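These notes concern the structure reproduced below.
Keep in mind it's a predicted model, so treat the numbers as computed, not measured. The sequence lines fix the lettering, A, B, ..., with proteins before strands; numbering per chain opens at 1.
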Amino acid sequence: AQSVTQLDSQVPVFEEAPVELRCNYSSSVSVYLFWYVQYPNQGLQLLLKYLSGSTLVKGINGFEAEFNKSQTSFHLRKPSVHISDTAEYFCAVSDQGGYQKVTFGTGTKLQVIP
Amino acid sequence: ETGVTQTPRHLVMGMTNKKSLKCEQHLGHNAMYWYKQSAKKPLELMFVYSLEERVENNSVPSRFSPECPNSSHLFLHLHTLQPEDSALYLCASSQERTGRSEQFFGPGTRLTVL
């Protein structure tokens, strides 16, 4: 079984400032990691994912995340946010090997302040 | 229509009503999912269908009854719901029923049980 922790429920940040949204996970086996974004009144859409290989993963809209196995973290970063990045961000994890269901975190609401 | 669509987008029902939520995916995927999204809680996986066969039922009360008549359509039949069932119900699909597959979400049905 695996779990995901997103400690920050809300993160306010000024426009054009950098942001980091934190995600920590626990699992007894190797994992796949995902970040999804949910804009108001919409479903979730994939921002980026880590399956294997380079630990720095680049996604859509200028976001990137780094997989840190020793710290069991997969933090999401963007060097300069825009108003349009205001949304809720979900970290998710699944165990590798065969079929394993995806476990989502509780989400972090990013509020970009003009 | 493209992606994953859900109807209705909003639903208000009494505790004695019977209603159904509909999901349709236009992506040619083999797996479909129902999730429940409540405030300040992680997404709760309710049901998983793979190639039209139900493969997972996460201890969901029997007042929720899924149906998958073909690989493109998924229904969630509702009857004698409770107020605590009020939530956003999200449908998703993926190419395969594996943990590494990206899930594509619909916009959700906002359900209010009076």
Side-chain angles (χ1 to χ4, degrees), chain A residues 1-10 23-53 57 59-60 65 67 74 87-109, chain B residues 2-10 21 23-25 27 29-51 53-60 74 87-110:
Chain A
Q2 66 268 27
S3 66
V4 179
T5 301
Q6 293 181 252
L7 286 174
D8 304 310
S9 59
Q10 293 191 58
C23 173
N24 289 88
Y25 69 91
S26 70
S27 176
S28 57
V29 298
S30 297
V31 296
Y32 302 122
L33 294 156
F34 307 81
W35 275 100
Y36 285 84
V37 59
Q38 185 177 30
Y39 298 104
N41 301 315
Q42 295 186 28
L44 282 69
Q45 66 180 84
L46 184 72
L47 265 182
L48 48 80
K49 61 183 176 183
Y50 170 79
L51 300 181
S52 65
V57 181
I60 62 172
F67 170 51
F74 190 55
E88 190 158 17
Y89 293 79
F90 293 88
C91 182
V93 63
S94 66
D95 291 343
Q96 292 187 17
Y99 167 69
Q100 301 292 343
K101 72 177 182 182
V102 179
T103 299
F104 287 85
T106 50
T108 297
K109 289 185 179 177
Chain B
T2 58
V4 180
T5 57
Q6 290 186 245
T7 54
R9 293 293 309 275
H10 300 273
L21 310 185
C23 173
E24 185 173 359
Q25 59 99 356
L27 301 167
H29 288 168
N30 292 323
M32 296 187 77
Y33 312 79
W34 277 117
Y35 286 91
K36 177 182 179 183
Q37 186 178 27
S38 305
K40 299 184 181 178
K41 285 185 171 182
L43 261 69
E44 299 173 51
L45 179 63
M46 301 174 71
F47 302 103
V48 181
Y49 277 82
S50 176
L51 298 172
E53 178 186 348
R54 189 193 310 180
V55 295
E56 188 159 343
N57 175 344
N58 284 337
S59 303
V60 179
L74 186 65
L88 182 68
Y89 288 84
L90 292 166
C91 173
S93 70
S94 63
Q95 181 62 48
E96 303 169 325
R97 187 177 64 95
T98 63
R100 62 182 293 138
S101 291
E102 172 188 356
Q103 294 187 22
F104 292 77
F105 286 80
T109 295
R110 174 70 62 186

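- A:Tyr25 is linked by a ring-ring contact (aromatic ring centres under 6.0 Å, His included) to nothing, counting only residues two or more places apart in sequence or in another chain.
- Considering CZ of A:Phe34 and OG of B:Ser101, their distance stands at 7.5 Å, rounded to 0.5 Å.
- Interface remark: of the candidates B:Glu44, B:Gln6, B:Arg9, B:Gln37, B:Gln37 forms the most heavy-atom pairs closer than 4.5 Å to chain A.
- With a threshold of 4.5 angstrom between heavy atoms, B:Leu90 approaches chain A through side-chain atoms but not through N, CA, C or O.
- Under the rule for a ring-ring contact (aromatic ring centres under 6.0 Å, His included), the partners of A:Phe104 that lie at least two apart in sequence or sit in another chain are A:Tyr36, B:Tyr35.
- B:Phe104 meets the ring-ring contact (aromatic ring centres under 6.0 Å, His included) test with B:His29; sequence neighbours excluded.
- Using a 4.5 Å heavy-atom cut-off against chain B, the contacting residues of residues 38-45 of chain A are A:Gln38, A:Asn41, A:Gln42, A:Gly43, A:Leu44.
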